[in-house]
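Structure first, commentary second.
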Amino acid sequence: QEMKDRTAKRDDQRSKELKRLEDDHSKLAKEVASSESKLKNRESDLEAQIESQKQGKSALVELQKQVEKKEAVAKKEQAAFDALNGQEEAVRKEIEKAQWSMQALVAGMSTQAGPDEEGSGDGKSLREQLLDAQTRLSEIEADHKKKTMAITSFQERIANTEQVLSKSKQEGKRFSKEKLMAESLLAEKRAELEKMHFDAEHHSQLVAKARQSESTLYSMQEKLDQLRAHMAGIDFQYADPYRGFDRSKVKGVVSKLFHIRPEFTAYHRALEVCAGGRLFFVVVDNEETGKALLEKGQLRRRVTIIPLNKIVDPTIAPHTVRQAKSIMPAGGDLHLAMEIVGFDREVQAAMKYVFGGFLVCDTPETAKQVTFHPNVRVRSVTKDGDLYDPAGTITGGSAPKGGNLLMRLQEVSDLEKRVYAQRKEWEQAQAQLQKMQAMSTKYMQIDHEMKCKEHELQLINERMSSSEHHTAEQALTEMRAQLVQCEADIQALPEEKKRLEKLTKQLEKDIKSLESGREERIKYFEKQVEKLKIQQQEHVKKFEKQREKTEQANVELEVIRNELQAQEGKDQASGQGNEALVAEVQKLKDGLEKKRTAHAELGTQLEALRVELQQLDQNLADLAAELTTNKEQREEKELEQKRVSHKIQQLQKDDKESHVIAARMEKQHPWIEKEKSFFGKKGTDFDFEANSYQDNKTRLDELTTQQKSLGKNINKKAMVMFEKAEQEYKDL
């Protein structure tokens, strides 16, 4: 009867699936036909657009040829226009020059300088220039007399000053001797400082560093003392039981012998509950050391001692931990308490005693499920500190007294390390200062003496600058310089006087020559101006005609250029339209190909389902016959199960190792956490049956090498998305 019910249920499910596949197959067939029609229409539009673009290109080539011809004509006309413009400018300058010459003759000026040149008289008449030259000659004679008198005065003053300087010569020698001695002593002190090779700036920095380090160490030590005062019991103090006792045999209090791994800090309260009072037990190497401490160690409080060589190991068996992890709820988290703490290898036995018998879980549901499971039955503690005991008790509620003890212990441990490092830094700075003490003292003494000598030298210089000898010496130097300047000025006067006398004679000669032939030269320039104006009028007519031709050529060139630009814009727009059409056609082709592939796949699935139904009917009959045979084989399988159990234990061990590897890979590759829900699913990138691991591994190595070279220019996220889309397309 059960077989009949299952057969009826299977037939109902298969008929529904068959109908669904037939409907999807029919729907895809219609979509394929519609896509083919759209593709044909778009391909027709694209061909028409391409033909239109070809015609536009022919017109564009023709316009470019016309532009080249018009440019040649415009350049030719412009060259002719520029030539006429240059000729007109030359005629204009000739007229201006003739007019200026005529005006200069009327005003009684020389015609040697043109209107754009620098005339000898700066626009003055010849008589005015003659008057200026005569005036300058008179000034030179007066200046000569003045300089001669100044030279006589300087010579007298220099003689008087030399007498004063001679009288104060002894005072000057005394000051010079004092200055020389001060400079000599100062040089000796500087030489001593250089020989010492002492870096005063580095010493100052080192002093400042030592002070800062000492201040930091004091504040850190004060904070550490405050934390220790609030945590009684973590310091184990004792006296040596006998002379020569090796203190390394005493490992210390349990709470200071381990630390919580950074990724498991959320379990600090669970670890406190696991350890309980054993956090304050004292670990020693053997029972003899423990006995000596209890009898002769002068202990100030009662303590429990853990001898490492005698302590019992209550650690949960590895297969029990694996069994607990296999039955915990999906998404749960579970660890052996000892695995989430760090410690030295020499105290491993003590850590097993304290934490080996507990599991830590993320939630009460996980703890409840693993604690009371018949194949596990070990004590479990949640993150909030609730203790589940397989005996049937649950301990929890408010937080343990003195909660967050481990976190405060962790803080104390970190602070002790920082204090130790800071003390080392301060001691190093102090040691360096101690080495430099003698040299720095000597350096400071010499430096002080050198500054005193510098001040003494400054006072000597001030006294010298205000002394009579120094004042007379400076005045004598200044007067001698002025005397040399006056003598040089007098030597230069005769040359200028000769030039002015020559200029005066030339101007007088020019005035006489100008007055004799002025009328005839004026008439000559008037005729030349009239002739040049007639020539200019004729040239203006040619110039205007050429201007019109040039402007006409430029206008025609501008028009044809505008037509060319419009045609190029039209051709560019047509090209962009073609690109859009090509992209759309390609998109339609891709979509059509996908739909055809999906249609073919659905047809294949439909046919396969029909064949499968026939095979299932045949298999059903075969299975009925096999059922009897399987009952007989069950006893044999039960025997085989025992053999497989041993193999399962080995696989569980391998499974634990694979979990560790998987955890490391998840930490190393964050994408695994996001994508692992697709692992093993068909039609995804993680279809392990369809994808060869070895082929993918080879391809990964090749892509990794390529990625290193292209990493700076390629968006990695975009490439991953592209490869995923490409793979989905291939799968379709």
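Because only heavy atoms are used, hydrogens play no part in the values below, and waters and symmetry mates are left out as well, while side chains stay in.
- A distance-only check finds no donor-acceptor pair linking the side chain of Arg269 to the backbone of Asp384 [under 3.5 Å].
- Ser213 and Thr216 form no side-chain donor-acceptor contact under 3.5 Å, judged by distance and modelled atom types alone.
- Of all non-hydrogen atoms in Met220 and Leu415, the two that sit nearest each other are O-CD2, 4.1 Å.
- Few gaps surround CZ on Arg278; more than 12 heavy atoms of other groups in view lie less than 6.0 Å from it.
- Between Ile327 atom CD1 and His373 atom NE2 the span is 4.0 Å, to the nearest 0.5 Å.
- Proximity of Leu185 to Met181: side-chain heavy atoms (C-beta onward) are nowhere separated by under 4.5 Å.
- Atom CG in Leu299 sits 6.5 Å away from atom CG in Leu293 (nearest 0.5 Å).
- Residues Lys325 and Met328 approach most closely at O-CG, 3.3 Å, considering heavy atoms.
- Counted within 6.0 Å of CZ on Phe372, heavy atoms from surrounding residues, nucleotides or ligands total more than 12; the atom is thus considered enclosed.
- Inter-residue side-chain proximity for Asp386 and Val381 is flagged as unmet; no heavy-atom pair is nearer than 4.5 Å.
- Under a cut-off of 6.0 angstrom, the local environment of NZ in Lys209 is sparse, with at most 12 non-hydrogen atoms contributed by other residues, nucleotides or ligands.
- Here the CD1-SG distance, from Ile340 to Cys274, works out to 7.5 Å after rounding to the nearest 0.5 Å.
- In this structure, the side chain of Arg322 engages the main chain of Gln652 through a donor-acceptor pair within 3.5 Å.
- Tyr388 has its side chain within reach of Lys368: a pair of non-hydrogen atoms, C-beta onward, lies under 4.5 Å apart.
- The nearest pair of heavy atoms linking Ala292 to Tyr242 is CB-CE2, 4.5 Å.
- Summarising the geometry of Tyr267 relative to His335, their closest heavy-atom pair is OH-CD2, 4.2 Å, with the distance given to 0.1 Å.
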- In sequence, state the C-alpha distance, the side-chain angles, and the governing distance for Phe280 and Val254, and then conclude on side-chain contact (heavy atoms from CB on, under 4.5 Å). CA-CA 6 Å; Phe280 305 102; Val254 170; over 6 Å; no
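- For Thr382 against Ala367, the heavy-atom pair with the smallest separation is CG2-CB, 3.8 Å.
- Within 6.0 Å of the CE atom in Met444, the count of heavy atoms belonging to other residues, nucleotides or ligands exceeds 12.
- Considering only heavy atoms from C-beta on, Ile394 stays 4.5 Å or farther from Leu387 through its side chain.
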- Item | Chi angles and distances behind the side-chain contact (heavy atoms from CB on, under 4.5 Å) call for Gln221, Gln422 | CA-CA 10 Å; Gln221 185 64 49; Gln422 189 66 33; over 6 Å; no
- Task: Please assess Lys656 against Glu339 for the test salt bridge (charged side-chain N to carboxylate O under 4.0 Å, His left out), listing each intermediate value before the final yes or no.
- Result: CA-CA 13 Å; Lys656 180 179 178 181; Glu339 293 178 350; 3.8 Å; yes
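- By the ring pair (Phe, Tyr, Trp, His ring centres under 6.0 Å) test, Phe258 pairs with Phe355, sequence neighbours left out.
- Contact record, Asp389 with Thr371: C-CG2, 3.7 Å, taken as the closest heavy-atom pair.
- Rounding to the nearest 0.5 Å places CD of Gln649 at 11.0 Å from NZ of Lys653.
- Partners of Lys251 by salt bridge (Lys or Arg N to Asp or Glu O under 4.0 Å), not counting sequence neighbours, listed by chain and number: Glu346.
- Rounding to the nearest 0.5 Å gives a distance of 7.5 Å between CZ of Arg302 and OG1 of Thr304.
- Considering only heavy atoms from C-beta on, Arg247 comes within 4.5 Å of Asp240 through its side chain.
- The local environment of CD in Gln434 is sparse, with at most 12 non-hydrogen atoms from other residues, nucleotides or ligands closer than 6.0 Å.
- Here the OG1-CG distance, from Thr289 to Asp246, works out to 8.5 Å after rounding to the nearest 0.5 Å.
- With contacts defined as side-chain heavy-atom distances shorter than 4.5 Å, the pair Val303/Val253 does not qualify.
- Counting non-hydrogen atoms of other residues, nucleotides and ligands closer than 6.0 Å to CD of Gln298 gives a total of 12 or fewer.
- Heavy atoms of other residues, nucleotides or ligands lying less than 6.0 angstrom from NZ of Lys256 number more than 12.
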- Message: Let's go through Lys352 and Met338 carefully: what are the C-alpha distance in whole Å and the side-chain angles of both, what is the deciding distance for side-chain contact (heavy atoms from CB on, under 4.5 Å) to 0.1 Å, and is it a yes or a no?
- Response: CA-CA 7 Å; Lys352 287 182 178 180; Met338 194 179 71; 3.2 Å; yes
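- Within 6.0 Å of CD on Glu201 lie no more than 12 heavy atoms contributed by other residues, nucleotides or ligands.
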- Would Leu257 and Phe343 satisfy side-chain contact (heavy atoms from CB on, under 4.5 Å), going step by step from the backbone distance to the final call? CA-CA 6 Å; Leu257 296 178; Phe343 48 83; 5.9 Å; no
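- Taking the side chain as every heavy atom from C-beta outward, Val341 and Arg261 never approach each other to under 4.5 Å.
- Residues Ile306 and Val284 fail the side-chain proximity criterion, which asks for heavy atoms closer than 4.5 Å.
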